[in-house]
Asker: 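The structure follows.
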There are 2 protein chains.
Amino acid sequence: MRRRVACALLALGIHSGVDAGEGMWPPSQLPDIAVLLKAAGLKSDPASLSDLTKYPMNAVISLGFCTASFVSPEGLAVTNHHCAHGAIQFNSTGEKNLLKDGFLAQDFADERPGDPALRIYVTEAITDVTEPMQRAVRSGGRDGAKVFAAWEARSKELVKACEQGGQYRCDVYTFHGGKSYALIRQLEIRDVRLVYAPPGAIGKFGGDVDNWMWPRHTGDFAFLRAYVSRDGKSVPYDKNNVPYRPRSWLKTDPQGLEAGSFAMVAGYPGRTNRWRLADELNDAIAWTYPTVIRESAALLKQIDAATQGRPNAAVKYASTVASLNNTMKNFQGQLEGFSKIDGVGQKRAQEQALDAWLAQRGDRATADSIQALRNLLVRQRNNRERDLYFSLIQPLNLTTAGRFHREGSLLSAAMDIYRLSIERDKPDAKRELGYQQRDEVRVKARLQTFDQRYDAAADRALLKYRIAQYAALPAAKRVTELDAWLGLEGDTPDLSGVDAVLDAYYAGTTLTQADERLRWFDAKRKDIEASTDSALVLARKIYPAIERLEREGKEIAGLEVQYRPAYMSAMIAYQQSQGRAVYPDANASLRVSYGRVTAYSPRDAVHYAPFTAMSGVVEKTTDQDPFDTPKAQLDAIKAQRWGSYVSPVLKQVPVNFMADLDITGGNSGSPTLNKRGELIGLAFDGNWESVSSSWIFNPALTRSIHVDIRYMLWVMDEVDHAERLIREMGLTPASE
Amino acid sequence: MRRRVACALLALGIHSGVDAGEGMWPPSQLPDIAVLLKAAGLKSDPASLSDLTKYPMNAVISLGFCTASFVSPEGLAVTNHHCAHGAIQFNSTGEKNLLKDGFLAQDFADERPGDPALRIYVTEAITDVTEPMQRAVRSGGRDGAKVFAAWEARSKELVKACEQGGQYRCDVYTFHGGKSYALIRQLEIRDVRLVYAPPGAIGKFGGDVDNWMWPRHTGDFAFLRAYVSRDGKSVPYDKNNVPYRPRSWLKTDPQGLEAGSFAMVAGYPGRTNRWRLADELNDAIAWTYPTVIRESAALLKQIDAATQGRPNAAVKYASTVASLNNTMKNFQGQLEGFSKIDGVGQKRAQEQALDAWLAQRGDRATADSIQALRNLLVRQRNNRERDLYFSLIQPLNLTTAGRFHREGSLLSAAMDIYRLSIERDKPDAKRELGYQQRDEVRVKARLQTFDQRYDAAADRALLKYRIAQYAALPAAKRVTELDAWLGLEGDTPDLSGVDAVLDAYYAGTTLTQADERLRWFDAKRKDIEASTDSALVLARKIYPAIERLEREGKEIAGLEVQYRPAYMSAMIAYQQSQGRAVYPDANASLRVSYGRVTAYSPRDAVHYAPFTAMSGVVEKTTDQDPFDTPKAQLDAIKAQRWGSYVSPVLKQVPVNFMADLDITGGNSGSPTLNKRGELIGLAFDGNWESVSSSWIFNPALTRSIHVDIRYMLWVMDEVDHAERLIREMGLTPASE
């Protein structure tokens, strides 16, 4: 919440002390805060930041789950090492583990296709579609299912019209819970190649141990490249494709920043909950987070036990393990954060103030909508155990289960095949999101890369564990169709038959063969329903339950887009009446955050400096992963071969730095820009105290963590000899 | 190693930048470094520090295992809470746990007798006895046993003469491994009472979690009082005794210090190994520390399991648990420290330089002595497993086992009784150290307080576990007498009979009854040997083994006092030739360390401030031990009732502070003095990085941790209302 007082300071000519930091600003809102950006130190024209066709915003691209940016006229893109994880893993084998060894393409021909699902999205237009979307919502009246259907139909219409031509991916983004909507058009580049990744001991230095921690010493960067057909069209991988030529690419400033400097991040933050209700925060603290932590820990144990001594199997679950660890640590951090502040109390007080303000204004209708929203939460709460444990077994994305990264299970492949066959029988506009024509290539990619993420023994161990968890629910919270398949009955069912069911399930399928999966990908629904393949049989048997729960979910979603805008409109009006401007919660659309490079004190008598240095890498180094610094790097540090990348303050090469920028998951890989909009680092993490900022932002303790451009260039130059790329970025390697 | 360069700087009139910190200086050596003390900031006369009869040294007293100091003319003494642990525990019951609740005597009559073994020692004279001691050593020739006997006899003679009158305890202290000896005479005060201890949540705030850690927020202080007979004689507790009037007592400066100030500690550091051989450090790193860590962890598990759900039993092992945890964490810290520096390599290089220097001087005799010392270490190494596992069962103090705090076991009581009866048959001068006439009162105290530390189930669990460990040694490393009692045979003995042996052992003794123990305390050897009491039978059966191993130990000790002085003399001469002065390793005698209050950086990008504050107590507070701050304290903090104890820098009451002083175990409770020799805090711990300083001192990272006088007075004044004591210290409580 940016206070008006900042503007008052500006009026007095005071250009420092501005309350920067918090805020993920949509480009369209930037002209409104131009004066603040200037005051904070921005030298380039604030208006230029809202033009998606111009420098630098046109260079800020999405990978769908991460951010990246173009850094050369030939489509070279830089992002985090952990964002390129899939592409690196896809090119790894049991013999040649690129996650460990790193990879450097010697020339264009040597650049490797990323995993088939890898995409680069270039945001080209953001159009306000609030009016047509809200009209659709109103048309449904009080019937949640009708509202959702109208909402979905309108959304699909808008998307379809936008995607004409096949080059684009469009989506309708919801802001402020439905108070406004934007149709966002992104050029979708489908041939994305792996160009360069440092060794894991640099790119993932510190691993899960250092995740969310400061001081940090991670070289979390990697390079990809966008390729298109010779005539400039976005097409799938083809060896004759040529590098994409972006309209703009970031200029790199190899000088980096020092403490106190203005810094800015542009990227695609995924999701925050800053405007959620106190009840929603309370549910997270009291149930969701503890439950997800417990289940993540259990799943990690299962994976570990099932892949023990089998590195080839373990590597298939590496990204699941990383993701579970990340989620678990994040939620633990959030709980720790909330244990120190009364977050629910803060939010309740805010809501009570809003209620009082509405009562004073006699706004009964809005108050009723807010009460209806609260009632809706009660309904969701009643089904949460069922939704979690059922959806941990099958790949339906119910809310809570969406918090788990789920590995590519046998059932997910079967369900992809069966679901697609069902959806194909409908007109495209009526097809389920995720299974429309536009999505088929992604579904196919999932089936193609299945083997990269599937190990039968681990799959079975996970499924068996999840069945036991599910079976522990009382019968009323279980799902008839799954119970029938498993032979479960009553509140404390007998599990002795489960092993036999699983034996038959794994013995009776051919979906573990790539050609079989691809054959079924093209199959008709009736053929799939006639199949005796055990995995397809299971998919078919539980599909009615999935459909039923989806309907239930849609009805709730329909009611939510009806009630929440009233709450948010009232809250925004109330905040404005208190002199506070409001930015929307993150929703994976392009945003800009700004602030400065700065230290903080995590607790009494402890002070964290904003930069880490090479000497810290040496301090942390052991001969054990994740602290096994490559010898080449240790030698270069020992010889103090800093090249031109030394910081005049540290007298060494800086490694990571902190800033007070407001970022969240999805911002990973975001370019960090200086006051002239030049690249000086990449955002890759938040500090431990920042994890609870997804609900409540604490400016004193929330810090973003960035890899310094000087470290990136130093590693490229001194350790990995990526001179080709340094030159392509318009810079000169030390050796020249 | 204090470099001569400091003196060069002094000559140039540069009074800062002096390399203070390292060094535990015997008072007699202080005049030699007077110029350094002055340069570091000492305002009082350095010469006064070497006079044991004057202020402040006469006020610096020993508890045997900790340091304390007189702070009033009526014998009021302040020390650490953890040093008063035994006295507090002794006055606790299952119903009234003073360790948890704290204790404040309302007047003199309310002051409680400490545990019977508690003593205050006032050092009154330190006399050089190098000449007579070395003459004794020389008289033994090359026969270790003879050397030891002569050494011991001379030592006892000196002690006996010194202790004439019954008021004193005297001991011969070895310096530099026998290069010099001092006879130290201490007034022994035998009636020591508990006056005041804050609640455990202040006095032990942070507990084992924060042990060795910074930032720290522990109110580690407590008050005792020395009592003597009406005619001023040191006598055991008697309610008619009166407070002892010390010759001097420390003036308290309630202003405390700020960062950068001169600070000094006087106390009784127990033991350091700064001049031990590389081989000795290597043995510690490769065997002793890992073994002790493993066994400590195992013993903690045994105690926990055996006392689960029985708070009355658990409290009896509280100090054993604390001590095992402390040792384990210390050794882990040392291993961590050594993993970062090549300590053994450093020491080897130093020894090689010495060898070369000796060779250059043609000093063959000294080189031979050093080689003989190294050979002696090989011999000790060969018996270390036997010595450890046998002496974990019985209470003989072999070297390695001496590193364990051992609880009061049934066997230790039996062994005390039997051993004393054996020694009583000898002339006093020939009696074993620890069982002479002068020691009888301590032995009796141990038998009297036995119940405070004994629980049959826990005793049995520990003994059984230790027997299993011992039995795992090959037969050649075991002890015939113990094997016979246990019925063990061969390299992999059958343990199935052990339970029956233990059943009989615990069923067949009456030593668990206090009156029986005291009856046996007075018994003759022949009566004990005729007894069928199972514990006395076991003591008798294994005694020959203990005697044999003691003889072996004495022979080695005799050889060591012969060879080590040659090594140390050579090393000192060599160091002096390199311009370095040498202080002796700690040996529990009175020492002075000086330096300043100062911060440090434990690792890259992390800076630790030298003071912690009240806000840090609040940050750490949970509702769980060891962070369960009393409500009275939280209320006072919330109300910012700082009284006059606020720091002008922090704007709060400081809690703990760091200094670069050279301290070690035994220094606990040491008064921290300002430049005028006034009390401004108590040393109570070292930081995590300091633990390996017992072998190698690292001035950049070694910090002592102190409780600030302002926190002590604030707790006394605002929380516990100990106004009586504040006034007695010559200060004025806030309320007046």
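Since the structure is predicted, the reported quantities are computational estimates derived from the model, not experimental observations. Atom set for the values below is all heavy atoms of this structure, side chains included, hydrogens, waters and symmetry mates excluded.
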Asker: So for B:Tyr608, is it side chain, backbone, both, or neither that comes closer than 4.5 Å to the heavy atoms of chain A?
Answerer: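 Its backbone and side chain both get close to chain A.
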Asker: So which heavy atom on A:Trp214 is nearest to which on B:Ala605, and how close?
Answerer: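 Shortest heavy-atom separation between A:Trp214 and B:Ala605 comes out as NE1-CB, 4.0 Å.
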Asker: If you count the non-hydrogen atoms of other residues, nucleotides and ligands that lie under 6.0 Å from CD in B:Gln332, is the total more than 12?
Answerer: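 For B:Gln332, atom CD is crowded (more than 12 foreign heavy atoms under 6.0 Å).
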Asker: Applying the side-chain contact (heavy atoms from CB on, under 4.5 Å) criterion to A:Asp604, which one of B:Val655, B:Thr612, B:Val618 satisfies it?
Answerer: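 Only match with A:Asp604 under side-chain contact (heavy atoms from CB on, under 4.5 Å): B:Thr612.
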Asker: May I ask you to check whether over 12 heavy atoms, not counting those of B:Gln255, lie within 6.0 Å of atom CD?
Answerer: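 Check fails, neighbour count at 12 or below.
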